[in-house]
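Before any comments, here is the structure.
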Amino acid sequence: GTYVYDITRIGDRIYVGGLFSGVFSPQSVATSQPNLVAFDANTGVYDPTFAPSLDGLVQSVEPSADGSVLYVGGAFTNVNGAVNRGVTALDPVTGATIAGFSASIDPGRTVHDIEVDGNDLYIGGDFFTIGGVNNPRIARIDATTGAVDVAFRPAPNNLILDMSIPPAGDRLYIGGTFDELDGVASKKMVALSLPSGALDPTFEHAFNARVRAI
């Protein structure tokens with residue numbers, strides 16, 4: 001099938017990520033641009049100057065605070081001709097890979113969501129390692145280098161599908177299919193205190209099915 005999984009905006013461009021082979025013009029002319037494309041935010045016209053090459057599903061697209069970087073998460077294994085599994089950083093104008101950023105996840109796994117908090121990226125999914133570090137399902141990494149912050153180690157027992165940081169920046173809400181975090185029963189959604197990553201016991205919420213979006 002063909003799907004769109006996430007949309008974001010930087011300036012006058014709209015970025016669309018998903019699982020697709022390309023786009024159609026209003027005249028139904030097909031253009032090959034798999035899984036991640038950009039459009040003019042005012043007219044909806046496809047922007048061919050943004051032309052990254054990703055060989056798999058894109059689940060999450062998030063801009064840096066200043067709009068200079070587009071962070072992309074998903075189930076791809078190759079970006080612009082180089083091995084880059086699950087998470088990458090791109091130039092939002094051209095789609096070129098940002099030099100110096102490296103944070104691949106283990107093969108066959110997926111990044112379901114990325115949240116940007118200043119120079120921190122929160123990465124959630126079904127992975128077990130990221131950047132070569134054992135950090136299952138959720139990690140905090142440096143937005144410039146991709147280096148993993150090993151001090152942030154919440155431990156959900158199943159996958160994460162979505163995350164959200166409120167304006168105050170003091171919590172990270174996570175949702176997914178887990179029913180335990182840090183050894184505490186946690187039905188599909190919890191709040192973590194930031195920056196520690198400790199479970200916030202004042203937030204109590206339970207769902208009887210997976211949480212897909214927050």
Intermediate values then yes/no, side chain to side chain contact (heavy atoms under 4.5 Å, CB included), R13 and T49: CA-CA 11 Å; R13 284 188 179 92; T49 62; 3.5 Å; yes

CA sep, side-chain torsions, deciding dist, call: S53, N80, side chain to side chain donor-acceptor pair (under 3.5 Å): CA-CA 5 Å; S53 173; N80 295 329; 5.1 Å; no

CA sep, side-chain torsions, deciding dist, call: I165, Y122, side chain to side chain contact (heavy atoms under 4.5 Å, CB included): CA-CA 10 Å; I165 299 175; Y122 292 92; 3.8 Å; yes

Stepwise side chain to side chain contact (heavy atoms under 4.5 Å, CB included) test for V133 and V150: CA-CA 8 Å; V133 177; V150 296; 4.1 Å; yes

Residues L181, L192; criterion side chain to side chain contact (heavy atoms under 4.5 Å, CB included); working and verdict: CA-CA 10 Å; L181 189 140; L192 304 179; 4.0 Å; yes

Side chain to side chain donor-acceptor pair (under 3.5 Å) assessment of N84 paired with T97: CA-CA 10 Å; N84 205 333; T97 306; 5.3 Å; no

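Ring planes of F101 and Y71: tilted class, angle from 30 to 60°.
In this structure a side-chain-to-backbone donor-acceptor pair under 3.5 Å is present from Y15 to P92. D12 places no side-chain N or O within donor-acceptor distance of the main-chain N or O of D40, the cut-off being under 3.5 Å. Using modelled atom types, one side-chain atom of S104 and one backbone atom of R85 make a donor-acceptor pair closer than 3.5 Å. Between the side chain of N157 and the backbone N or O of E180, at least one donor-acceptor pair lies under 3.5 Å. The main-chain N or O of D55 is never found under 3.5 Å from a side-chain atom of N78 such that the two would form a donor-acceptor pair. Remark: the backbone N or O of A147 is not paired with any side-chain donor or acceptor of D142 at under 3.5 angstrom. Panel note: side chain D117, backbone D120; no donor-acceptor pair is recorded below 3.5 Å. Formation of a donor-acceptor pair under 3.5 Å by the S68 side chain with backbone atoms of D66 is not found in this model. Although no hydrogens or angles enter the test, the distance criterion places a donor-acceptor pair under 3.5 Å between the side chain of T94 and the main chain of A96.
Grouping the Ile, Leu, Val, Met, Phe, Trp and Tyr side chains by contacts below 4.5 angstrom, directly or via other members, places V111 with V69. In this structure, I10 is not a member of the same hydrophobic cluster as Y46, with clusters built from ILVMFWY side-chain heavy atoms closer than 4.5 Å. Linking Ile, Leu, Val, Met, Phe, Trp and Tyr residues whenever their side-chain heavy atoms come within less than 4.5 Å leaves F178 and F207 in two separate clusters. Cluster membership check: I214 does not share its hydrophobic cluster with L159, using side-chain heavy-atom separations under 4.5 Å among Ile, Leu, Val, Met, Phe, Trp and Tyr. Both L70 and F76 belong to a single network of hydrophobic side chains, linked directly or stepwise wherever heavy atoms of I, L, V, M, F, W or Y lie under 4.5 Å apart.
One finds the CZ atom of R109 at 9.5 Å from the OG1 atom of T129 (value rounded to the nearest 0.5 Å). Of the inter-residue distances, the one linking I14 atom CD1 with F50 atom CZ reads 12.5 Å to the nearest 0.5 angstrom. The CD1 atom of I160 lies 8.5 Å from the CZ atom of R137; values are rounded to the nearest 0.5 Å. Taken to the nearest 0.5 Å, the CZ atom of F203 stands 10.5 Å off from the OG atom of S186. Here the CZ-CG distance, from R153 to N135, works out to 4.5 Å after rounding to the nearest 0.5 Å. Atoms CZ and CD1, on F39 and I7 in that order, are 9.0 Å from each other to the nearest 0.5 Å.
Under the 4.5 Å side-chain criterion, counting only non-hydrogen atoms from C-beta, T77 is not in contact with V83. In this structure, the side chains of L90 and V72 come closer than 4.5 Å at one or more pairs of heavy atoms. Here the side chains of L121 and E115 are not in contact, with every heavy-atom distance at 4.5 Å or above. Residues L36 and V16 are not in side-chain contact: their nearest non-hydrogen atoms beyond the backbone lie 4.5 Å or more apart.
Salt-bridge check for D162 with R212: failed, with every basic side-chain N at 4.0 Å or more from each acidic carboxylate O.
Pairing each heavy atom of P156 with each of P136, the nearest pair is CD-O, 4.4 Å. Counting all heavy atoms, side chain and backbone alike, L194 lies closest to R140 at CD2-NH1, 4.4 Å. In terms of heavy-atom proximity, V116 sits nearest to S64 at CG1-CA, 4.3 Å. Nearest heavy-atom pair, D106 versus F128, reported as atom, atom and distance to 0.1 Å: OD1-N, 3.1 Å. Minimum heavy-atom separation, N35 to L54: ND2-O, 3.0 Å. P52 approaches G95 most closely through the heavy-atom pair CB-O, 3.5 Å.
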Hey, can you pull the donor-acceptor pairs under 3.5 Å for the side chains in residues 167-176, sequence neighbours left out?
unit_1: R171; atom_1: NE; unit_2: D200; atom_2: OD2; d: 2.8
unit_1: R171; atom_1: NH1; unit_2: Y173; atom_2: OH; d: 2.9
unit_1: R171; atom_1: NH2; unit_2: D200; atom_2: OD2; d: 2.9
unit_1: R171; atom_1: NH2; unit_2: T202; atom_2: OG1; d: 3.0

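For P34, the side-chain contact (heavy atoms from CB on, under 4.5 Å) partners are S32, not counting sequence neighbours. Every residue meeting the ring-ring contact (aromatic ring centres under 6.0 Å, His included) condition with Y5, not counting sequence neighbours, appears here in chain and number order: Y3.
Tested against I114 for a side-chain contact (heavy atoms from CB on, under 4.5 Å), the candidates E62, Q59, M163 yield a single pass: E62.
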